[in-house]
Amino acid sequence: MKNHAPLALSLLTFCISQQLYAAQADVNVSIPNTLATESVSATVVNEPSVTLDAITVSANAKTGTALAQKISEMPAVTQVIREADIQAQATGNRTVGDILAQLVPSLGVSSGSVSNYGTTMHGRPVQYLLNGVPLSGSRSLSRELNSIDPEQIERVEVLSGATSIYGAGAAGGLINIVTKSTAGYGLTRQTRLGINSSREFKSDSLGYHVGQSIGYGGERVYGNVDVDYETTGGKFDSHGDRISPDANQTDNQDTDTISVNANLGFDISDTKTMNLAATYYDSEQDTDYGVDYGDNLSVLLKGTTPSLRAIDGADIENQPYNTKSSVNLNYNDSDFLGSNLSLTGYYRDEKARFYPSGKSFTSQAKDVWVNNGLTDADTLGKLLGASVVVTQSEADIEVMGLRAAMQTETDVMGKNTLFSYGADFEREESEQTYYGQDLTTFLASNGLTSTSNGLSYNGGPKTTIDKWGAFVNADVDMTDKWHTSAGVRYQNIKSDTDRFVPIYEQLLADYFATNGISDIADAYGIDYEAGAVEAGSSKHDKVLFNLGTSYQLTDDDQVFANFSQGFTTADVQRALRDVRAGFVVNSDNIQPISINNYELGWTGKRGDTSAKISGFYNDSDKTVRFTNDYTVEVVDTDERIYGAEASLTHDLNKDWQFGGSLAYTRGQYKKDGDWLELDAVRLTPLKGTAYAQYNFSEGSNIRLQALAVGGSDKAYKDQQNDPDASAQPLTGYATFDVLGQVKLPVGRMGYGVYNILNKDYQTVYHQTTFGDLNRLPATGTTYGLSYTVDY
């Protein structure tokens with residue numbers, strides 16, 4: 001018999017929310033626009049709208065770094081997500097990835113782990129920014145959406161599709177996360193409390209959240225500090241079973257997280273301002289649960305199907321963690337030689353430790369044996385059983401950069417024109433190391449105990465990447481209805497790699513020197529010495545163009561068209577991790593990828609209904625992909641991606657609002673003259689969202705929302721013709737949530753019931769990436785409750 005208690009509790013939440021007292025006045029908020037290049041006056045409204053309403057920039061608000069183009073007239077798919085919409089989604093251990101998946105039509109769904117790997121827009125990687133400066137780089141740990149507490153976000157600015165103006169990496173678009181800053185005068189404070197649980201309210205599923213903000217706005221000096229601390233428990237699937245740890249990318253079960261956002265600014269004069277912004281994020285896991293590797297590690301050693309159960313009794317010497325800190329200093333002069341000048345220097349440091357995991361090098365060891373004359377299958381089978389190692393990876397990335405931009409408003413042949421021009425430089429240094437774990441201890445505990453054995457292996461070379469570029473862009477008002485934009489950017493990317501010994505070379509050298517293996521190796525004349533890859537460098541440059549236009553057909557209708565180019569390189573360090581000795585690092589072997597992006601769209605409004613629809617097409621002559629054994633390669637082949645996205649909102653009356661979105665993406669790559677389907681690791685599957693919201697007259701609201709993903713096995717079937725492919729079939733699913741805000745006499749309460757129907761499913765990430773150990777179920781119904789008070 002089914003347990004209807006969770007559904008009853010959810011319905012009870014509806015009833016209680018309608019009875020609680022609420023009184024909230026409408027508030028107009030003035031917030032800074034870091035994607036915009038000039039100050040314009042209006043307030044932000046929900047998407048979609050005919051144009052993105054412009055945003056007031058207050059004198060004492062953090063603006064990050066000035067970029068190119070007015071977002072309110074940008075001829076592309078743009079969106080601004082307000083603080084209120086973010087906070088409404090944030091109750092109950094929700095990550096930034098969870099929130100944006102619900103609110104951004106073309107963005108991929110959340111992975112359910114700490115990683116946003118495979119979360120693309122328009123089939124291409126996304127450039128994430130924090131306060132206008134890069135949060136992601138050439139070397140990515142895919143933790144960008146797990147780098148700040150949602151409570152500290154003021155708004156998120158989204159630009160879908162490749163763009164040449166903002167530099168390398170923005171092949172699929174931009175997502176700029178803007179943190180809270182002080183606005184207004186005097187002392188402001190906010191206290192936040194929260195709790196969340198699985199549907200059974202098990203004690204080890206409980207999580208807690210506490211946060212405090214304090215800010216001060218003076219006549220010349222202003223600043224604020226946000227501190228949030230969160231502890232999370234275990235995650236449970238729809239059957240009430242604890243979900244196994246994510247052995248590939250780690251997860252946020254049993255973690256303690258602290259997130260700090262701070263900024264300090266002052267007005268040097270009426271036109272000159274200085275702002276210092278800093279963030280710190282640290283999430284550390286401390287779990288007693290491990291992966292079920294089967295009897296005698298049969299999942300690792302024999303390839304048996306894993307149970308995906310979480311096993312109590314794990315003892316991990318060095319638990320996974322994820323930490324990121326950033327600081328940026330901005331100087332702005334709104335009257336520098338009649339122009340607006342913005343200078344920004346920034347620094348980011350990111351470190352992460354992954355879950356201990358087994359690594360097999362059977363095929364590499366077999367090749368050595370066979371090449372030296374050992375071909376007997378039984379003998380090989382016994383010898384290759386020892387070609388396995390347990391390692392734990394740690395990565396460290398440091399980034400520093402400087403950006404300068406100017407905007408000049410002028411009149412060209414009677415046309416209002418905004419020239420945006422500037423230059424930027426960034427240096428990124430990265431290294432990754434695998435630390436060996438004691439194999440005897442690991443085997444004896446059936447994978448539950450992991451301790452270091454003192455050995456270490458290179459996870460690719462230590463890599464330094466220098467990127468610099470210069471751009472100029474012109475926004476021209478051809479008429480009061482017709483706007484055009486055109487620009488050009490020069491981008492230069494140079495990478496330098498140190499000499500290193502590839503991991504497979506190190507593993508093979510250790511293997512053939514092992515007792516029980518070395519004697520047989522001697523008999524076959526095998527004296528294996530690990531070879532190296534010498535230091536190398538690559539250098540590429542590219543001139544990129546963008547051209548777009550928008551036209552106001554009527555007061556309620558606008559059409560736009562846009563062409564823009566993107567430029568990016570493969571993750572150099574990751575791509576070199578699995579090469580063998582003698583590989584030559586140079587410009588011929590490390591190829592960049594150029595993307596041409598085309599968009600056409602319409603946005604309009606009819607009474608209380610607003611809608612937006614756009615179509616896109618992009619292509620490139622290369623692609624980056626994982627092979628079936630998860631090495632990375634840049635494939636010199638044509639690739640094409642196309643699709644459409646649409647969104648709609650309708651105000652039935654002053655109380656009821658309805659809305660939804662739909663995004664469709666499809667693409668192919670060429671293999672031996674045939675076009676084969678790209679998989680869901682690269683492309684966001686067919687995705688739809690819908691919501692219905694009721695706003696109570698006193699200021700409270702309640703919202704029912706849905707997110708649906710379409711299934712497909714086209715790529716899986718197509719890629720049977722490609723022996724290096726790794727596509728998996730995808731099963732579609734739909735989830736429903738209930739959430740809302742209740743205004744109380746003091747403060748406000750937020751609540752959320754997620755996956756209210758307790759759907760049994762796997763996220764796209766867990767269906768399509770890595771191997772059988774990654775086929776983890778998603779969480780069942782979860783509850784969240786929060787309380788916030790401003791004073």
Side-chain angles (χ1 to χ4, degrees), residues 1-18 88-95 97-99 101-102 109-114 150 193-209 230-246 251-255 287-289 307-312 689 691 702-709 731-742 749-767 775-787:
M1 182 176 178
K2 291 184 178 180
N3 181 5
H4 296 286
L7 181 57
L9 180 59
S10 303
L11 294 174
L12 182 61
T13 303
F14 276 89
C15 299
I16 293 175
S17 66
Q18 297 183 56
Q89 299 280 339
T91 300
N93 191 30
R94 299 278 279 178
T95 67
D98 296 329
I99 295 169
Q102 188 72 43
V109 294
S110 177
S111 69
S113 74
V114 300
L193 301 172
I195 186 171
N196 59 83
S197 171
S198 67
R199 68 192 293 260
E200 288 83 9
F201 298 100
K202 294 183 178 180
S203 60
D204 58 344
S205 76
L206 293 178
Y208 308 91
H209 180 279
E230 183 172 32
T231 178
T232 61
K235 292 185 176 182
F236 292 80
D237 63 20
S238 61
H239 304 288
D241 297 324
R242 185 173 177 123
I243 299 172
S244 171
D246 185 335
D251 52 49
N252 59 2
Q253 298 187 79
D254 301 321
T255 58
T287 184
D288 296 326
Y289 286 85
S307 71
L308 303 179
R309 295 180 300 139
I311 305 300
D312 195 3
T689 67
Y691 74 89
I702 187 169
R703 177 186 180 108
L704 173 65
Q705 65 183 25
L707 186 151
V709 171
T731 301
Y733 59 88
T735 60
F736 296 85
D737 311 320
V738 173
L739 55 153
Q741 302 282 322
V742 179
M749 182 185 75
Y751 60 89
V753 185
Y754 302 99
N755 191 7
I756 192 172
L757 299 182
N758 201 34
K759 173 71 174 178
D760 182 8
Y761 72 102
Q762 295 174 332
T763 65
V764 175
Y765 164 81
H766 283 302
Q767 288 190 56
R775 304 294 172 253
L776 301 174
T779 54
T781 301
T782 58
Y783 299 95
L785 192 66
S786 67
Y787 175 72

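Values below: all heavy atoms of this structure, side chains included; hydrogens, waters and symmetry mates excluded. Just so it is clear, the model here is predicted, and its values are computed rather than measured.
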> T91: what forms a side chain to side chain donor-acceptor pair (under 3.5 Å) with it, not counting sequence neighbours?
Replying inline: S786
> Can you list the residues that meet the side chain to side chain contact (heavy atoms under 4.5 Å, CB included) rule with N196, with sequence neighbours excluded?
Replying inline: N93, E230
> Judged by atom type as modelled, is there a donor-acceptor pair below 3.5 Å linking the side chain of N252 to the main-chain atoms of V114?
Replying inline: no
> Taking S197 for the side chain and Y783 for the main chain, is one N or O donor matched with an acceptor at less than 3.5 Å?
Replying inline: no
> Got a sec, which residues hit salt bridge (Lys or Arg N to Asp or Glu O under 4.0 Å) with D288, two or more places apart in sequence or on another chain?
Replying inline: none
> Got a sec, which residues hit side chain to side chain donor-acceptor pair (under 3.5 Å) with D98, two or more places apart in sequence or on another chain?
Replying inline: T95, S110
> Among side-chain atoms of T255 and T232, is any donor-acceptor pair under 3.5 angstrom?
Replying inline: yes
> Is there side-chain contact between Y733 and V764, with at least one heavy-atom pair below 4.5 Å?
Replying inline: yes
> Can any side-chain N or O of Q762 pair as donor or acceptor with the backbone N or O of Q767 at less than 3.5 Å?
Replying inline: no
>> S198: which residues meet the side chain to side chain contact (heavy atoms under 4.5 Å, CB included) condition with it, sequence neighbours left out?
In response: E200, K202, S205, F236
> Taking atom CG of L308 and atom NE2 of H766, what is their separation to the nearest 0.5 Å?
Replying inline: 10.0 Å
>> Run the salt bridge (Lys or Arg N to Asp or Glu O under 4.0 Å) test against D237 and tell me which residues pass, sequence neighbours left out.
In response: none
>> Can you tell me how far apart CG (D251) and OG (S113) are? Round to the nearest 0.5 Å.
In response: 7.5 Å
> Measuring from K235:NZ to D246:CG, what's the distance to the nearest 0.5 Å?
Replying inline: 9.5 Å
>> Looking at every heavy atom in both M749 and Y751, which two are closest together, and how far apart are they?
In response: CE-CD2, 4.2 Å
>> One pair to check against side-chain contact (heavy atoms from CB on, under 4.5 Å): Q705 and L739. What are the steps and the verdict?
In response: CA-CA 8 Å; Q705 65 183 25; L739 55 153; 3.5 Å; yes
> Partners of I195 by side chain to side chain contact (heavy atoms under 4.5 Å, CB included), sequence neighbours excluded?
Replying inline: Y208, L785
> Distance from T735 atom OG1 to N758 atom CG, nearest 0.5 Å?
Replying inline: 12.0 Å
> Looking only at heavy atoms, which two atoms of T763 and A778 are closest? And how far apart?
Replying inline: CG2-CB, 4.3 Å
> Which atom names give the shortest non-hydrogen contact between K759 and A734, and what distance separates them?
Replying inline: CG-O, 3.7 Å
> Taking only residues two or more places apart in sequence, or in another chain, which ones meet T731 in a side chain to side chain donor-acceptor pair (under 3.5 Å)?
Replying inline: none
>> Looking at every non-hydrogen atom in both residues, tell me the closest pair between P150 and R94 and how far apart they are.
In response: CG-O, 3.4 Å
>> Can you list everything that forms a ring-ring contact (aromatic ring centres under 6.0 Å, His included) with Y289? Sequence neighbours excluded, please.
In response: none
> Can T781 and V753 be said to form a side-chain contact (heavy atoms from CB on, under 4.5 Å), step by step?
Replying inline: CA-CA 7 Å; T781 301; V753 185; 4.0 Å; yes
>> Would you say that H239 contacts D760 through its side chain, given a criterion of any heavy-atom pair below 4.5 Å between the two side chains?
In response: yes
> Of all residues at least two apart in sequence or in a different chain, which pass the salt bridge (Lys or Arg N to Asp or Glu O under 4.0 Å) check with R242?
Replying inline: D204, D254
>> Between D737 and Q89, is the side-chain contact (heavy atoms from CB on, under 4.5 Å) condition met? List the steps.
In response: CA-CA 10 Å; D737 311 320; Q89 299 280 339; 5.5 Å; no
> Where do N755 and T779 land on the side-chain contact (heavy atoms from CB on, under 4.5 Å) test, with the steps shown first?
Replying inline: CA-CA 8 Å; N755 191 7; T779 54; 5.6 Å; no
>> Y787: which residues meet the ring-ring contact (aromatic ring centres under 6.0 Å, His included) condition with it, sequence neighbours left out?
In response: none
> What residues, two or more places apart in sequence or in another chain, satisfy side chain to side chain contact (heavy atoms under 4.5 Å, CB included) together with A706?
Replying inline: F736
